[in-house]
Asks: 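Would you mind keeping the following structure in view while I ask a few things?
Residue numbers start from 1 in every chain, and the chains themselves are labelled A, B, ... in the order their sequence lines are given, proteins ahead of strands. Just so you know, these numbers use all the heavy atoms, side chains as well, and skip hydrogens, waters and symmetry mates. Everything numeric here is computed off the predicted structure, so don't read it as measured data.
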2 protein chains.
Amino acid sequence: MNKYWNQRTRRLQPYVPGEQPQDQQYIKLNTNENPAPPSAAVLEAMHAAVDDGLNLYPDPECRKLKQSIANYYSLPASSVFVGNGSDEVLAHIFAGLFDSDKPLVCPDISYSFYPVYARLYDIKLQQIPLGEHFELDLNNYPTENGGVIFANPNAPTSLAISLGEIEAFLSRNTNSVVVVDEAYVDFGAQSCAELVSAYANLMVVQTVSKSRSLAGMRVGFALGDPQLINGLERIKNSFNSYPLDKVAQAGAMAAFEDVQGFEAARKEVIRVRKQAAANLRELGFEVLNSSANFLFARPLFLSAEEVYERLRQAGILVRYFNAPRISEYLRITVGTEQEMDELLEKLEQLIVNAKEN
Amino acid sequence: MNKYWNQRTRRLQPYVPGEQPQDQQYIKLNTNENPAPPSAAVLEAMHAAVDDGLNLYPDPECRKLKQSIANYYSLPASSVFVGNGSDEVLAHIFAGLFDSDKPLVCPDISYSFYPVYARLYDIKLQQIPLGEHFELDLNNYPTENGGVIFANPNAPTSLAISLGEIEAFLSRNTNSVVVVDEAYVDFGAQSCAELVSAYANLMVVQTVSKSRSLAGMRVGFALGDPQLINGLERIKNSFNSYPLDKVAQAGAMAAFEDVQGFEAARKEVIRVRKQAAANLRELGFEVLNSSANFLFARPLFLSAEEVYERLRQAGILVRYFNAPRISEYLRITVGTEQEMDELLEKLEQLIVNAKEN
């Protein structure tokens with residue numbers, strides 16, 4: 001605590017991202033990155049951008065990138081907002097679209113950044129418990145609220161709900177903004193992008209970090225009614241005029257245009273996920289039905305924390321959450337086939353050792 | 001106005017950056033970019049970063065980049081904060097270090113983003129008028145305040161004050177954070193970086209956009225007491241864990257390591273500035289003594305607005321501010337020698353035409 005910190009800085013409980021250790025090489029299955037590098041077309045676009053006048057500012061409105069995203073989703077460009085990763089997009093949504101008098105409603109188990117934003121912007125939070133098997137049931141959500149946010153598929157549970165369930169809720173909940181965080185949607189859930197023109201209070205948030213292999217470049221976006229988007233632009237233009245650099249804009253644009261590369265990488269993750277889930281179940285894990293690029297799995301032979309620690313010692317990082325209800329689970333990113341094989345090998349050894357002791 | 005905007009979004013008056021027209025090629029002397037591209041070493045570092053696993057997240061703490069900046073200023077890395085352009089760094093300072101009960105003090109004429117941030121975070125602002133000749137006199141600044149911010153050199157005036165004047169103020173003003181925005185410092189003013197270890201409430205903000213030719217990459221930083229920096233980290237980690245992408249980190253690092261390239265580009269701007277200032281004075285402009293990479297100049301033959309409009313029609317962009325006290329001035333970025341020659345030619349034509357009519 002420092003005497004120059006203001007009240008806001010004092011009350012914060014900052015988010016802790018998954019480890020990004022710089023000390024040694026790990027097999028990184030802890031931050032839900034895509035194991036495939038960006039496609040050749042995407043890399044080429046970024047190399048060209050490096051040589052294209054970086055002494056000059058980028059387009060602050062990112063018009064070309066917005067148009068590429070708009071084309072992909074058959075929406076007008078005025079329905080697209082872009083930001084420095086979906087984290088920045090989410091932060092601006094919390095700052096500008098959630099009411100501070102009524103509570104914001106979200107699941108008790110979801111992306112752990114939501115309560116952090118709420119504290120940053122002094123927004124009351126009402127967390128609705130997921131069901132016994134981590135199912136998200138929007139029928140339990142009050143429509144008297146200052147906003148609603150949930151992830152679909154949800155994290156760290158990996159479970160998705162249907163477009164029908166979300167649309168039913170949207171037709172009931174019309175007085176506040178409903179945010180569907182679709183960071184993982186391309187791996188097995190249906191996007192709400194197609195509902196954007198029908199619901200003026202729907203905001204869909206996505207990222208190029210996962211399915212488009214660009215976590216290193218920090219580009220996220222939101223789709224919504226042009227008036228909602230305009231509210232986000234007001235916040236952004238009161239915060240930072242130029243959040244996306246030229247190389248990031250070029251890479252993200254190319255990623256939306258290279259549909260073939262995107263489809264191939266996406267399908268490969270789904271293929272490896274299926275196989276890894278089956279193998280983990282065989283080893284005695286309880287594994288939830290994932291629609292994401294990670295598995296939420298409970299080891300039955302050792303505590304989750306112990307498995308996490310031992311894997312770490314063996315050079316494999318997975319994510320462990322020391323939090324109520326989920327402390328017996330691990331979140332395991334779907335890596336390459338080879339990485340998943342190495343994970344299985346280490347787990348087999350752990351089981352053998354555990355039985356011997 | 002939209003029914004889903006909250007109170008904050010409604011009250012904002014967003015910043016309007018200088019034009020970045022995408023429709024045609026202009027000689028851009030309106031947003032204080034460096035006319036020189038980044039050096040070969042910087043470009044090489046960025047190309048290497050493009051090929052270095054962009055599917056993985058960057059280091060959220062930017063440790064290597066912080067170390068490069070710390071080395072350059074002979075400070076510990078814990079005295080360095082980095083962000084997505086100095087605009088984001090400034091936004092976090094407003095969010096986390098300025099008190100909301102007492103007014104923040106700043107010059108009446110300065111970077112026009114300061115009042116925008118104040119409105120975003122609901123901070124009262126007390127603007128102290130610059131002197132008759134736009135001089136900044138810290139003796140006029142009350143020490144009963146919730147924070148102080150000014151730019152040195154100031155913008156758009158281009159005038160600098162001395163380190164001694166700032167230190168005298170710092171030794172009086174010990175109860176609030178004093179921010180010196182040094183976006184243009186490398187072009188002719190003395191940096192307060194060397195005062196950082198002596199004053200626990202001093203925050204120095206800089207950018208790689210101007211003197212380091214990387215406006216296209218969005219990297220800014222702050223230097224301060226590790227406890228102040230820690231406050232900024234708390235805000236940043238409650239907002240966006242990974243604001244700097246891998247390519248931006250690599251480019252900025254290389255820019256701090258390539259001291260020779262930096263010195264050459266910086267000196268060239270100063271050389272061209274001197275020459276351009278002399279030429280403008282000869283044409284009948286009143287030109288302030290610039291310590292920045294731009295000139296603040298008053299045309300005596302036509303109104304500033306008219307000169308701005310006619311230059312625009314002739315394919316040259318300069319910045320015109322329709323604001324009290326400065327509406328008879330133009331802010332003209334120092335471009336290449338050739339660009340400044342073209343500017344002078346057009347101005348000569350304007351003068352001839354003005355005299356004929």
Asks: Would you say the side-chain atoms of B/T143 pair up with the backbone N or O of B/N173, donor to acceptor, closer than 3.5 Å?
Replies: no
Asks: If we define contacts as heavy-atom pairs under 4.5 Å, which of A/N55, A/N240, A/D101, A/D245 has the most with chain B?
Replies: A/N55
Asks: How about B/F239 and A/F239: are their ring centroids closer than 6.0 Å?
Replies: yes
Asks: As an exercise, state the distance from CG of B/L90 to OH of B/Y117, rounded to the nearest 0.5 Å.
Replies: 4.5 Å
Asks: Among B/M217, B/R10, B/K246, which residue has the highest count of heavy-atom pairs closer than 4.5 Å to chain A?
Replies: B/M217
Asks: Between A/R212, A/K236, A/E88, who has the most heavy-atom pairs with chain B when the cutoff is under 4.5 Å?
Replies: A/E88
Asks: Counting heavy-atom pairs under 4.5 Å to chain A, which of B/Q7, B/R119, B/R63, B/Q13 comes out on top?
Replies: B/R63
Asks: Flag the pair A/Y15 / B/N237 as yes when at least one side-chain heavy-atom distance between them is below 4.5 Å, and no otherwise.
Replies: no
Asks: List in chain and number order the residues that pass ring-ring contact (aromatic ring centres under 6.0 Å, His included) with B/F294, two or more places apart in sequence or in another chain; answer none if no residue qualifies.
Replies: B/Y184
Asks: Using a strict threshold of under 4.0 Å (side-chain N to carboxylate O), is an ion pair present between A/E233 and A/K66?
Replies: yes
Asks: Below 4.5 Å from any heavy atom of chain A, which atoms of B/L120 appear? Answer side chain, backbone, both or neither.
Replies: side chain
Asks: Who among B/Q227, B/M46, B/H47 has the most heavy-atom pairs with chain A under 4.5 Å?
Replies: B/H47
Asks: Under a 4.5 Å heavy-atom cutoff, which of B/P58, B/S86, B/G147 has the most pairs with chain A?
Replies: B/P58
Asks: Tell me, do A/L65 and A/F221 make a side-chain contact under 4.5 Å, heavy atoms counted?
Replies: no
Asks: Using a 4.5 angstrom heavy-atom cutoff, name the option from B/S241, B/S238, B/A95 with the most pairs to chain A.
Replies: B/S238
Asks: Ring-plane angle category for A/Y57 and A/Y242, please: parallel below 30°, perpendicular beyond 60°, tilted otherwise.
Replies: parallel
Asks: Could you check which of B/A248, B/G53, B/G85, B/S209 has the highest count of heavy-atom pairs closer than 4.5 Å to chain A?
Replies: B/S209
Asks: Using a cut-off of under 4.5 Å for heavy-atom pairs, which of A/F94, A/Y4, A/F113 has the most such pairs with chain B?
Replies: A/Y4
Asks: Measure B/K3 against the heavy atoms of chain A and call it side chain, backbone, both or neither at under 4.5 Å.
Replies: side chain
Asks: If you define the side chain from C-beta out and look only at heavy atoms, does anything of B/L97 sit under 4.5 Å from A/W5?
Replies: yes
Asks: Between A/V16, A/V116, A/D52, A/V42, which residue shows the highest count of heavy-atom pairs closer than 4.5 Å to chain B?
Replies: A/V116
Asks: Heavy-atom pairs under 4.5 Å with chain B - which of A/N201, A/V219, A/V208 has more of them than the others?
Replies: A/N201
Asks: Which answer fits B/A36, side chain, backbone, both or neither, if we ask what part of it has an atom under 4.5 Å from a heavy atom of chain A?
Replies: backbone
